[in-house]
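Have a look at this one.
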Amino acid sequence: MNTAFEKQDRTGPVLFRTYEKGSGLKKALSMERNDILDELRESKLKGRGGAGFPTSTKWMIVAAASDSKKYVICNADEGEPGTFKDRVLLTEYPELVFEGMVIAGYTIGADEGIVYLRGEYFYMLSFLEKFLEDMRSNGLLGKNILGKDGFNFDISIRLGSGAYVCGEETALIESLEGYRGEPRNRPPFPVNTGFMGHPTIVNNVETLASVPHLIMNGGAWFCEMGTDKSTGSKLFSVSGDCDSPGVYELPWGTTIKELLKIVGAENAKAVQVGGASGICFGKKDFSRSLAYEDAATGGSIMIFNESRNMLHVLKSFMEFFVEESCGQCTPCRIGNVKLLEGVEMIERGEFTFEYIEKLKDLGRTMQVASKCGLGQTSPNPFISILENFKDEIFNPREVNEAV
Amino acid sequence: MFVHEKNAVSDFIGDLTRKYGRQRSSLLPILQEIQHKYNYVSDFAQQEVARNLDIHPVEVYSVISFYAFLYDKPRGRNIVRFCKTIVCELAGARAVAEAVKRELGIGFGETTKDGKITLEYANCIGMCDKSPAMLVNERVYSGLDPEQACKIIREIK
Ligand SMILES: Cc1cc2nc3c(=O)[nH]c(=O)nc-3n(C[C@H](O)[C@H](O)[C@H](O)COP(=O)(O)O)c2cc1C
Ligand code: SF4
Ligand code: FES
């Protein structure tokens, strides 16, 4: 019943199209480093891990740094509830992820890559190690890669130990350095002061996996898909109340409604876009499109049908944040507890609307005053669920009568 | 702890230090291997790690206390981690969890008397498309129902 390795026939415009192992890397090594950066810039590829930072900018800064030691880190901490697309890439398309890392190393002048794999994915470790070993014997990793004199690059895998916040790039680096996974102040950013103080690019699994295809087909080709500001395609991890949960590759700009149709969930009541830290949309917003400039997501789409209690869904998310906050800064450490208490007060029917408004204000304060993305985004479900489902939550009789 | 047990722990940690190196960045992999072998990182092991890496034992403890998968108290030889996040919950995880609790006669956060199994909750383990899901040590099981889950648990019992 170990189902994580079940292969599926997948098709998609970028990541799920056919790919000949080694081809992207081979082509990249025949190119000038600057030409790779140009293709990347033309593609307008943005980070797939959630924050959406332009990948070419990140790479250019590290490429331009004069340090003799640089690192490429693949963020495989995939901990956002409802996200499992990196699991699929790592188990079914590891060649894309690893070749993406090698191409990154070549482009920025690094000789070392580290995959930070979440502890929950330990079951992939021996498979991935073996895959790396095969790459070494085929000259795709190690010294003078594919005969390119002087280009050395190797990849090691490090495991997390069950902390969601370690997916935040500076917490990840702290963790790799042997400390508690507590996010750092930014700036300085990892591109300047990263792992062991050296310039480091941290990229999501999916971002890196896009690179070999981009090299093969060019930046202009990538821009043909998606929207102006969100080019290319995205992997969506779809779960919850639908006929066919799973990972789907769709162009950016696909509307929530279109996605619901594809996965068989046309009777959905609510769609949580972006995981626990994302925003919950109701029916009136199903025409919104999935894109950085509209309903943004690192890939998590959770679907809820009419029978689901949205206050309960919200409570689950807030419990998650109370558990996963690293506790370093006050807005997040205390704020999430207060928001959870608020949800429990509503559950018990012991609240005033004035207090709920105060909590929403607290949420808005957390969004600006928290040190890292966890506390900055954890109020999102609180605010959006209490706004978009207020009838159901604060006026339940009406809903009952309608049923 | 008997002297020969302490010596075995010291030797093991010495080997790990040679394997990963004495730098601070080796701390997590070393602790993970100790956890893997002994199911927790004892006070003595913490002191040994600190001595080997030349850091204060409090530093070691502070790292252990941060990570959900590292323990400073003994845990069962097998750790069952049950996803309690919303998608699994909506797919019936509660009924599965209750069944597993009955089967083992323990609650979450507890270990069976014979020290064989510890039951823990986990947040989303990335199997939401095949929920409910759980991890048993390093294996992942998905699409569970109460009966299947208990069968899997019985096999390790
Ligand atoms: C609490 C928190 C958790 C995060 N978890 C992940 C994660 O699991 N995987 C990931 O790629 N990025 C995660 N990120 C985003 C990273 O900080 C970073 O933006 C990303 O790895 C950069 O890669 P990209 O530009 O390719 O997206 C997380 C951020 C926060 C604040
Ligand atoms: S926002 Fe939360 S997770 Fe981030 S540093 Fe502050 S306490 Fe830690
Ligand atoms: S919600 Fe249980 S695996 Fe994701």
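Both backbone and side-chain heavy atoms feed into the values below; hydrogens, waters and symmetry mates do not. Letters go in sequence order (proteins before strands), and every chain restarts at 1.
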Quiz item: Do B/Arg81 and A/Glu120 touch side chain to side chain, with heavy atoms closer than 4.5 Å?
Solution: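 The answer is no, as the side chains (C-beta and beyond) never meet within the 4.5 Å cut-off.
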Self-check item: Heavy-atom side-chain proximity of A/Pro81 to B/Ile86 below 4.5 angstrom
Solution: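 Counting from C-beta outward, A/Pro81 and B/Ile86 never come under 4.5 Å.
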Self-check item: Region of B/Gln35 that comes under 4.5 Å of a non-hydrogen atom in chain A
Solution: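 When you check distances to chain A, no heavy atom of B/Gln35 falls under 4.5 Å.
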Practice problem: Measure A/Ser316 against the heavy atoms of chain B and call it side chain, backbone, both or neither at under 4.5 Å. | Solution: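 Contact with chain B: side chain only.
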Self-check item: Region of A/Val247 that comes under 4.5 Å of a non-hydrogen atom in chain B
Solution: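 A/Val247 has no heavy atom closer than 4.5 Å to chain B.
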Practice problem: Tell me, out of A/Met302, A/Glu324, A/Glu323, who's got the most heavy-atom pairs with chain B below 4.5 Å. | Solution: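 Of the candidates given, the most pairs with chain B belong to A/Glu323.
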Quiz item: In terms of heavy-atom contacts, does NZ of A/Lys69 have more than 12 from other residues, nucleotides or ligands at under 6.0 Å?
Solution: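 More than 12 heavy atoms, drawn from other residues, nucleotides or ligands, come within 6.0 Å of this atom.
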Self-check item: Proximity breakdown for B/Leu90 and chain A, heavy-atom pairs closer than 4.5 Å
Solution: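 For B/Leu90, backbone and side chain are both near chain A.
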Quiz item: Do you know which of A/Glu319, A/Lys85, A/Glu78, A/Arg118 has the most heavy-atom pairs with chain B at a distance under 4.5 angstrom?
Solution: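 Looking at each option in turn, the highest pair count goes to A/Arg118.
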Quiz prompt | Sorted by number, residues from residues 9-18 of chain B in contact with chain A (heavy atoms, under 4.5 Å) | solution =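 Hits under 4.5 Å: none found.
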Self-check item: chain B contact via A/Arg180 - which portion, at a heavy-atom distance below 4.5 Å
Solution: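 Both the backbone and the side chain of A/Arg180 come within 4.5 Å of chain B.
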Self-check item: Closest non-hydrogen atom pair between B/Glu138 and A/Tyr123, with its separation
Solution: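 In this case the closest contact between B/Glu138 and A/Tyr123 is O-CB, 2.9 Å.
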Self-check item: Sequence-distant partners of B/Ala68, side-chain contact (heavy atoms from CB on, under 4.5 Å), two or more places apart
Solution: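 Applying side-chain contact (heavy atoms from CB on, under 4.5 Å) to B/Ala68 gives none.
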Quiz item: For the residue pair B/Phe66 and A/Cys166, what are the closest heavy atoms and their distance?
Solution: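 The pair with the smallest heavy-atom distance is CE2-SG, 4.3 Å.
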Quiz item: By a 4.5 Å heavy-atom criterion (distance strictly below it), what part of B/Val63 contacts chain A: side chain, backbone, both, or neither?
Solution: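 Its backbone and side chain both get close to chain A.
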Self-check item: Distance in Å, B/Asn123 CG paired with A/Tyr164 OH, rounded so as to fall on 0.5 Å steps
Solution: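 With rounding to 0.5 Å, CG (B/Asn123) is 10.0 Å from OH (A/Tyr164).
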Quiz item: Do you know which two heavy atoms are closest between B/Gly126 and A/Phe84, and how far apart they sit?
Solution: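 Smallest heavy-atom distance, with atoms named: O-CB, 3.2 Å.
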Self-check item: Main-chain N/O of A/Leu159 paired to B/Gln32 side chain as donor or acceptor, under 3.5 Å
Solution: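 Present.
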Self-check item: Flag if over 12 foreign heavy atoms under 6.0 Å of CD, B/Glu147
Solution: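 For B/Glu147, atom CD is not crowded (no more than 12 foreign heavy atoms under 6.0 Å).
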Practice problem: Kindly compute the distance separating CG (B/Leu135) from OH (A/Tyr121), expressed to the nearest 0.5 Å. | Solution: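 These two atoms lie 10.0 Å from each other.
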Quiz item: Taking only heavy atoms into account, what residues of residues 94-114 of chain B are found under 4.5 Å from chain A?
Solution: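 Interface residues of residues 94-114 of chain B: B/Arg94.
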Quiz prompt | Closest non-hydrogen atom pair between A/Gly82 and B/Cys128, with its separation | solution =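 Closest approach of A/Gly82 to B/Cys128: CA-SG, 3.5 Å.
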Quiz item: Is a side-chain N or O of A/Tyr179 found less than 3.5 angstrom from the main chain of B/Arg24, in a donor-acceptor match?
Solution: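 Between the backbone of B/Arg24 and the side chain of A/Tyr179 there is no qualifying donor-acceptor contact (under 3.5 Å).
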Quiz item: Pairs in or reaching into residues 37-47 of chain B: which pass side-chain hydrogen bond (donor to acceptor under 3.5 Å, both in side chains), with residues at least two apart or in two chains?
Solution: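 Matches after skipping sequence neighbours: none remain.
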Quiz item: Is the shortest heavy-atom distance from the side chain of B/Val140 to the side chain of A/Arg87 under 4.5 Å?
Solution: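 Side-chain contact under 4.5 Å: no.
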Self-check item: Structural part of A/Ser307 lying under 4.5 Å from a heavy atom of chain B
Solution: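 Looking at A/Ser307, nothing touches chain B.
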Quiz prompt | Least distance between heavy atoms, A/Ser239 atom then B/Val87 atom | solution =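 The pair with the smallest heavy-atom distance is OG-CG2, 3.4 Å.
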Quiz prompt | Options B/Thr85, B/Leu27, B/Leu28, B/Ile125, ranked by heavy-atom pairs under 4.5 Å with chain A, top entry | solution =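 Greatest number of close heavy-atom pairs with chain A: B/Ile125.
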Self-check item: Straight-line distance of B/Gln23 CD to A/Met196 CE, nearest 0.5 Å
Solution: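 With rounding to 0.5 Å, CD (B/Gln23) is 7.0 Å from CE (A/Met196).
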Practice problem: Taking all heavy atoms of B/Phe69 and all of A/Gly119, pick out the closest pair and write down the distance. | Solution: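 What the structure gives for the nearest pair is CE2-C, 3.9 Å.
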